[in-house]
Amino acid sequence: MKAAAFAYARAASVANALELLTAHGEGAKVLSGGQSLLPAMNLRLLSPELIIDIGELDELRGIAVNEGIITIGALTRHADLLKSPEIAAHAPLLTAAVAHVAHPAIRNRGTIGGSLAHADPASELPACMLTLAASMIARGPKGERRIAANEFFAGIYETALAPQELLVAVELPVPPKNSTHFFHEFARRHGDYAIVGLAAQAFVRDEQFADLRLGFFAVGDRPLLAMSARKLVDVAVTPKVLSEASSALDDELAPLEDQQATPAMRRHLARVLLARCVSSLLGRADLGTGASP
Ligand SMILES: Cc1cc2nc3c(=O)[nH]c(=O)nc-3n(C[C@H](O)[C@H](O)[C@H](O)COP(=O)(O)OP(=O)(O)OC[C@H]3O[C@@H](n4cnc5c(N)ncnc54)[C@H](O)[C@@H]3O)c2cc1C
């Protein structure tokens with residue numbers, strides 16, 4: 001199928017993109033890498049009147065680390081994140097996660113801003129933003145605002161961005177030195193959207209979690225920062241403690257049914273991921289098998 005007819009404008013600057021967005025409102029769609037927008041248009045799931053191509057706005061591209069904050073421009077491509085030494089050094093969870101986003105051809109065009117604005121609940125990067133306590137920087141007709149990741153994702157393909165706003169960058173606090181991470185997803189093939197995934201970051205002291213952030217994806221209509229992680233912090237993690245955390249996690253999940261999995265299967269896989277994550281981060285092989293509460 002082909003897309004319905006649409007008008008096309010190449011934005012000359014961020015200000016120009018914002019003018020166009022303000023003038024056309026919900027009839028317009030921003031085009032970044034086009035890896036989600038164009039398939040949706042070709043399937044006639046979306047039929048915008050106007051496409052505003054921001055792909056040449058170099059000011060929205062790049063990675064910088066200053067005073068404990070990593071700033072990533074919205075147009076930074078997945079491929080750039082994957083090979084960035086700054087990201088590998090300061091946010092290795094992101095490097096691990098991006099390797100699972102689609103395939104090289106898609107990573108060469110797809111952007112972090114497009115992935116976050118698209119807000120697919122099975123996407124890797126939105127969950128990483130929750131885990132890494134990111135802020136999204138949105139610019140609109142009234143200026144700039146920062147939106148915490150836990151307020152940004154509002155449902156399937158829904159975010160807190162207003163139709164006249166552009167996502168211009170994300171900011172991540174540099175995790176404390178000696179933080180560790182875990183990333184794993186179940187997918188039918190490497191590069192497919194996840195059936196269930198987990199992006200976790202931890203700080204381990206004296207064989208206990210001093211901090212643990214668990215960002216699950218494909219377990220509901222949006223990524224989930226699991227509060228059940230608290231049950232594992234500042235305690236000696238025994239199989240019983242893990243089992244209680246696993247039950248608490250189950251209460252937080254609201255998995256959906258699709259062609260890939262039933263809700264029950266997603267719940268099971270989330271518990272398996274939790275056990276593997278805790279086992280891996282604490283270096284405790286005895287905890288890694290517990291799937292059932
Ligand atoms: C075969 C295939 C497999 C894929 N597998 C995965 C996968 O495993 N994991 C995964 O996460 N993704 C996957 N994707 C999606 C891919 O990662 C996209 O690159 C990404 O979701 C969107 O990025 P983009 O730059 O291409 O955005 P676009 O397609 O250009 O835009 C996506 C949406 O975001 C909006 N938008 C874009 N940029 C901005 C901005 N700066 N401000 C406001 N709104 C904006 C657009 O209007 C549109 O609604 C896959 C895609 C394909 C085709």
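Counting from 1, the numbers follow the sequence of the chain as shown. Numbering of ligands and ligand atoms starts at 1, following listing order. Predicted model only: the values in this text are computed from it and were never measured.
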Next on the checklist: Filter on ring pair (Phe, Tyr, Trp, His ring centres under 6.0 Å), then keep only pairs touching residues 83-120, sequence neighbours left out; what's left?
Outcome noted: H100-F183, H100-H190, H118-Y157
Next on the checklist: Tell me which pairs pass ring pair (Phe, Tyr, Trp, His ring centres under 6.0 Å) where either residue lies in residues 195-216, with sequence neighbours left out.
Outcome noted: none
Please give the N or O to N or O pairs under 3.5 Å between ligand 1 and the protein, distances rounded to 0.1 Å.
from     : atom 1 : to   : atom 2 : distance (Å)
ligand 1 : 8 (O)  : A102 : N      : 3.2
ligand 1 : 8 (O)  : G191 : O      : 3.3
ligand 1 : 9 (N)  : E124 : OE1    : 2.8
ligand 1 : 11 (O) : S123 : OG     : 2.7
ligand 1 : 11 (O) : E124 : OE1    : 3.1
ligand 1 : 12 (N) : Y193 : OH     : 3.3
ligand 1 : 14 (N) : Y193 : OH     : 3.0
ligand 1 : 17 (O) : H78  : NE2    : 3.2
ligand 1 : 19 (O) : H78  : NE2    : 3.4
ligand 1 : 21 (O) : S36  : OG     : 2.9
ligand 1 : 23 (O) : S115 : N      : 3.4
ligand 1 : 25 (O) : G33  : N      : 2.8
ligand 1 : 25 (O) : T111 : N      : 2.9
ligand 1 : 25 (O) : T111 : OG1    : 2.6
ligand 1 : 26 (O) : G34  : N      : 3.1
ligand 1 : 26 (O) : Q35  : N      : 2.7
ligand 1 : 29 (O) : G34  : N      : 3.4
ligand 1 : 29 (O) : Q35  : N      : 3.2
ligand 1 : 29 (O) : S36  : N      : 2.9
ligand 1 : 29 (O) : L37  : N      : 2.7
ligand 1 : 30 (O) : S32  : N      : 2.8
ligand 1 : 30 (O) : G33  : N      : 3.3
ligand 1 : 30 (O) : G34  : N      : 2.8
ligand 1 : 38 (N) : S32  : OG     : 2.7
ligand 1 : 41 (N) : L167 : O      : 2.9
ligand 1 : 42 (N) : L167 : N      : 2.9
ligand 1 : 47 (O) : V30  : N      : 3.3
ligand 1 : 47 (O) : V30  : O      : 2.6

Checklist entry - Just how far is it from atom OG of S32 to atom CG of L75, taken to the nearest 0.5 Å? => result 5.0 Å
Next on the checklist: Which label fits H184 and F186: parallel for a plane angle under 30°, tilted from 30 to 60°, or perpendicular past 60°?
Outcome noted: perpendicular
Checklist outcome for this item: Minimal heavy-atom distance between D250 and R267, with the atoms involved, is O-NH1, 2.6 Å
Next on the checklist: Clusters formed by hydrophobic residues whose side-chain heavy atoms approach within less than 4.5 Å: which one holds F6, and what are its other members?
Outcome noted: Y8, L31, L37, L38, M41, L46, I51
